[in-house]
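All remarks here apply to the structure that follows.
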Amino acid sequence: MPRKKKAKQEEKIELKLLNALNSTDLFSQQNNRMDRLPLYISDNMKHHLRPYQLDALRHLDTVRHMQGADELYNQLMFYMATGSGKTDIMAATILYLYHECGYQCFLFTTHTTAVVAKTFDNFTNSSSPKYLFSDPITIEGNHITIRPVEEYPTELENNTIYIKFTGIQQLSNDIYSPCENSITEDSMGRNKLVILADEAHHFNVGTRSKKANQDSRNWEHLLDHIRGLNRQNLQLEFTATIDLHNPEIYQKYQNRIISEYDLGKFINDGYSKKVYRLQANNSDESKMLNALLLSQYRKRIALNMDIPDFKPVILFKSNTIKMSNDTEQVFHEMIDGLTSESLQDFVQSQDKSTQSEALHLAYQYWLKQDFAETVSELKRDFRRFNVINANDSGSKDILDDTSVAQKLNTLETNSVRAVFAVAKLSEGWDVLNLYDIVRIGEKNIKPKDTNSEAQLIGRGARYNPFIYQGKRSYKRRFDERKPEIQLLERLYYHTINNPQYLENLRKSLDAINLPVNEDTKYQTHEAIVRPSFKRTAIYNHGNIYYNKVVNVPASSYDSIKKYGIDTESASVIDLEDATTERNYDTGADKHELSSSHVIIAALVPCQ
């Protein structure tokens with residue numbers, strides 16, 4: 001039999017600039033300027049920067065002080081996991097470049113207008129709960145104003161930071177087809193400018209493929225052009241997705257990436273929920289009801305632990321808009337028709353067959369509750385008013401629908417418990433209290449589909465910083481607690497049961513280094529066996545049995561009849577036997593042996 005070729009391992013990516021920045025020698029040469037976060041940043045940021053975020057800012061400072069930085073390092077990338085706080089780094093960077101390098105003009109752009117609107121709020125709306133700066137911003141006794149603009153003024157005012165927020169398509173139109181009141185090349189070349197390019201992987205299509213769409217190629221060239229309008233113009237890119245195994249992409253970014261913090265590090269460091277894959281063999285309707293019971297169980301746990309305003313959300317993800325809409329209708333009919341008898345029957349039957357630790361915990365809990373009360377609670381929490389249909393009918397992003405976008409981006413504070421969608425939630429959705437993603441339907445198992453699902457799982461893994469015992473945490477704190485308490489810090493992805501789909505999903509998750517745990521009541525141990533053993537009959541056709549310990553009452557063995565012996569029909573057997581004891585005494589001389597034989601017990605037949 002010919003031997004299979006070993007799978008080719010992907011070559012380790014060598015990021016030269018990042019490796020140099022991480023070296024102790026280079027850091028010591030820079031006189032530790034950013035050993036501690038400067039007060040003009042820490043005092044003016046709402047959130048404390050985490051160690052990896054401080055490292056990113058420190059690397060930027062090091063590069064800005066390198067010789068020839070304006071020419072050699074005018075395009076830099078922060079390659080960081082979804083949910084790791086790229087926007088916080090962006091905000092800190094604005095303060096740093098303003099104070100240390102004298103930049104007053106900033107241009108924020110990305111491919112989705114909803115992300116533009118969200119970032120506008122983050123940077124300029126001090127009344128927004130997601131505003132990232134302190135109010136007011138004060139540096140060295142001066143109040144600093146952040147002013148959104150359509151066009152940069154001819155004369156820049158002191159103590160003012162100007163930010164232009166625009167989608168990349170609109171920016172392209174303004175430059176290539178200028179009209180009145182639009183931004184001009186002159187204004188972007190007159191004063192040195194910082195381009196903040198979010199979701200920057202969309203701006204590398206021209207590099208990535210010669211067959212890519214023309215718009216994306218133009219976007220890449222557009223940013224290159226703007227950067228070239230002034231020798232001090234700087235482009236900072238932010239992304240969680242970049243294919244460094246693509247030779248062209250690697251060639252472009254090997255000396256431009258200054259920070260790398262992937263999902264694996266993010267999750268293992270405790271800054272996100274733990275991710276679990278719950279493999280579902282049930283019908284779509286059963287999967288939906290299971291997700292409801294698990295979600296409501298979480299809510300009850302939080303209530304019992306005095307955690308205020310804990311509201312877990314479920315996302316039901318379908319393959320097509322029609323399937324999603326149909327599934328939503330089935331969902332509402334299921335809720336309307338739910339009774340205490342039907343729910344009790346469902347829980348009892350499911351508990352007998354489930355292999356899921358999480359669902360088993362939920363079933364055991366609900367079996368001890370009043371099912372009439374449970375049904376009433378589910379009907380109230382998951383009524384139509386608390387469900388969003390986030391499906392779009394065309395290429396326009398659903399987050400561009402302002403009414404839907406407002407609900408989706410305020411899930412932590414509104415009453416919504418369930419979202420139905422197909423796609424397009426993998427970018428620009430900053431939900432924190434998503435705890436269950438339920439995959440509906442058995443089709444679409446291509447890698448491109450699972451790639452988007454992996455991105456969605458990564459986005460859903462964002463940590464929910466709820467208050468417990470009077471304290472808010474931005475890291476997991478229940479890893480060592482009981483499994484039911486850990487449910488408050490776990491995201492469950494309810495998958496379909498399709499081998500090819502599961503294999504594609506595994507590859508997609510590996511590609512973004514997203515560690516996923518298996519949800520099972522049993523521990524799984526892997527062992528390597530010899531090829532010769534794999535060819536044996538016992539390996540290919542044998543069964544494995546395991547013993548189960550059960551409590552046996554004394555009444556089960558208090559009579560010889562209980563052992564299967566029929567004393568009525570058994571024959572009488574004559575028997576004489578004895579138990580003997582023989583004693584050997586060697587005395588002082590081992591050659592002088594003596595012995596005695598004594599009968600100590602005897603059994604004789606009954607007369």
Side-chain angles (χ1 to χ4, degrees), residues 18 34 36-38 41-61 76-97 106 108 110 112 115-116 118-125 128-134 137 146 163 194 196-201 236-242 257-275 409 411-412 426-434 455-466 472-477 489 491 512-514:
L18 183 59
M34 296 286 287
R36 294 184 179 180
L37 190 64
I41 295 178
S42 60
D43 288 351
N44 289 300
M45 295 281 295
K46 182 178 289 186
H47 302 142
H48 294 292
L49 291 189
R50 299 165 180 170
Y52 64 86
Q53 293 171 322
L54 179 57
D55 284 343
L57 199 61
R58 183 184 295 123
H59 289 175
L60 175 62
D61 176 69
L76 301 170
M77 173 174 279
F78 297 85
Y79 177 26
M80 309 191 75
T82 295
S84 61
K86 295 190 296 293
T87 316
D88 274 315
I89 295 175
M90 204 179 294
T93 295
I94 290 173
L95 296 177
Y96 165 77
L97 291 173
F106 294 81
F108 175 87
T110 188
T112 307
V115 179
V116 175
K118 178 193 68 175
T119 309
F120 181 93
D121 251 17
N122 291 343
F123 288 167
T124 66
N125 183 5
S128 168
K130 295 188 177 181
Y131 183 62
L132 296 177
F133 298 105
S134 299
I137 300 173
I146 294 183
I163 306 180
V194 179
L196 303 171
D198 199 13
E199 305 292 357
H201 53 282
L236 300 180
E237 301 180 4
F238 300 81
T239 187
T241 308
I242 184 171
I257 292 178
I258 61 172
S259 179
E260 182 183 27
Y261 192 70
D262 63 25
L263 270 170
K265 296 176 184 176
F266 186 50
I267 291 176
N268 291 331
D269 287 347
Y271 290 111
S272 77
K273 306 182 188 84
K274 277 190 174 180
V275 180
N409 287 325
L411 286 175
E412 297 86 359
S426 57
E427 293 177 358
W429 191 28
D430 293 339
V431 62
L432 301 178
N433 56 332
L434 178 64
Q455 293 293 330
L456 178 60
I457 295 170
R459 188 161 292 277
R462 289 170 180 261
Y463 187 72
N464 183 19
F466 53 84
R472 188 183 299 277
S473 174
Y474 293 88
K475 292 185 72 174
R476 292 195 307 272
R477 45 191 156 177
E489 298 180 330
L491 169 73
I512 60 173
N513 195 27
L514 199 165

> In terms of side-chain heavy atoms, does N464 have a donor or acceptor partner in N433 at a distance below 3.5 Å?
Replying inline: no
> What are the two closest non-hydrogen atoms of L432 and K273, and how far apart are they?
Replying inline: O-NZ, 2.9 Å
> What's the spacing between D198 CG and E237 CD if we round to 0.5 Å?
Replying inline: 10.5 Å
> Where the side chain of S134 meets the backbone of D43, is there a donor-acceptor pair that is under 3.5 Å apart?
Replying inline: yes
> Under the salt bridge (charged side-chain N to carboxylate O under 4.0 Å, His left out) test, which residues partner D55, sequence neighbours left out?
Replying inline: R58
>> Please find the pair of heavy atoms, one from R472 and one from Y474, that lie closest to each other, and give the distance.
In response: CD-OH, 3.4 Å
>> Would the distance check show the side chain of R476 and the main-chain N or O of I267 forming a donor-acceptor pair, the cut-off being under 3.5 Å?
In response: yes
>> Could you check whether atom NE2 of H48 has more than 12 heavy atoms from other residues, nucleotides or ligands sitting under 6.0 Å from it?
In response: no
> Have D121 and Y131 got a donor and an acceptor in their side chains that come within less than 3.5 Å?
Replying inline: no
> In chain order, what residues pass the ring-ring contact (aromatic ring centres under 6.0 Å, His included) check against Y271, with sequence neighbours excluded?
Replying inline: Y52
>> Would you compute the distance between atom CD1 of I257 and atom CG of L76 and round it to the nearest 0.5 angstrom?
In response: 10.5 Å
>> Rounded at 0.5 Å granularity, tell me how far CE in M77 sits from OG in S259.
In response: 11.5 Å
>> If you apply the rule side-chain contact (heavy atoms from CB on, under 4.5 Å), what do you find for I94 with F123, and how did you get there?
In response: CA-CA 10 Å; I94 290 173; F123 288 167; 3.9 Å; yes
> Rounded to the nearest 0.5 Å, what separation is found between the NZ atom of K46 and the CZ atom of F133?
Replying inline: 11.0 Å
> Quick one: does D262's side chain get under 4.5 Å of L514's, heavy atoms only?
Replying inline: no
>> Any carboxylate oxygen within less than 4.0 angstrom of a Lys/Arg side-chain nitrogen, looking at E199 and K118?
In response: no
>> I'd like to check the side-chain hydrogen bond (donor to acceptor under 3.5 Å, both in side chains) partners of Y79; sequence neighbours left out, ordered by chain and number.
In response: none
>> Go through it in stages, so that I can follow the logic: the residues are L434 and L411, the test is side-chain contact (heavy atoms from CB on, under 4.5 Å), and I'd like the CA-CA distance, side-chain angles, deciding distance and then a yes or no.
In response: CA-CA 9 Å; L434 178 64; L411 286 175; over 6 Å; no
>> To the nearest 0.5 Å, what is the distance between CG on L196 and CZ on F106?
In response: 7.0 Å
>> With rounding to the nearest 0.5 angstrom, report the CE to CD distance, M80 to Q53.
In response: 6.5 Å
>> Show the nearest heavy-atom pair for residues A56 and I89, with the distance to one decimal.
In response: CB-CD1, 4.1 Å
> Between A81 and L263, what is the shortest heavy-atom contact and its length?
Replying inline: CB-N, 3.6 Å
>> With side-chain contact (heavy atoms from CB on, under 4.5 Å) as the criterion, how do D88 and M45 come out once you've worked through the C-alpha distance, each side chain's angles and the decisive distance to 0.1 Å?
In response: CA-CA 8 Å; D88 274 315; M45 295 281 295; 3.9 Å; yes
>> Show the nearest heavy-atom pair for residues R50 and G83, with the distance to one decimal.
In response: NH1-O, 4.4 Å
> Which atom pair, heavy atoms only, marks the closest approach of K475 to E489?
Replying inline: O-OE2, 4.2 Å
> Given the rule in the side-chain contact (heavy atoms from CB on, under 4.5 Å) test, do T87 and F238 qualify, once you have shown the distances and angles that lead to the verdict?
Replying inline: CA-CA 9 Å; T87 316; F238 300 81; over 6 Å; no
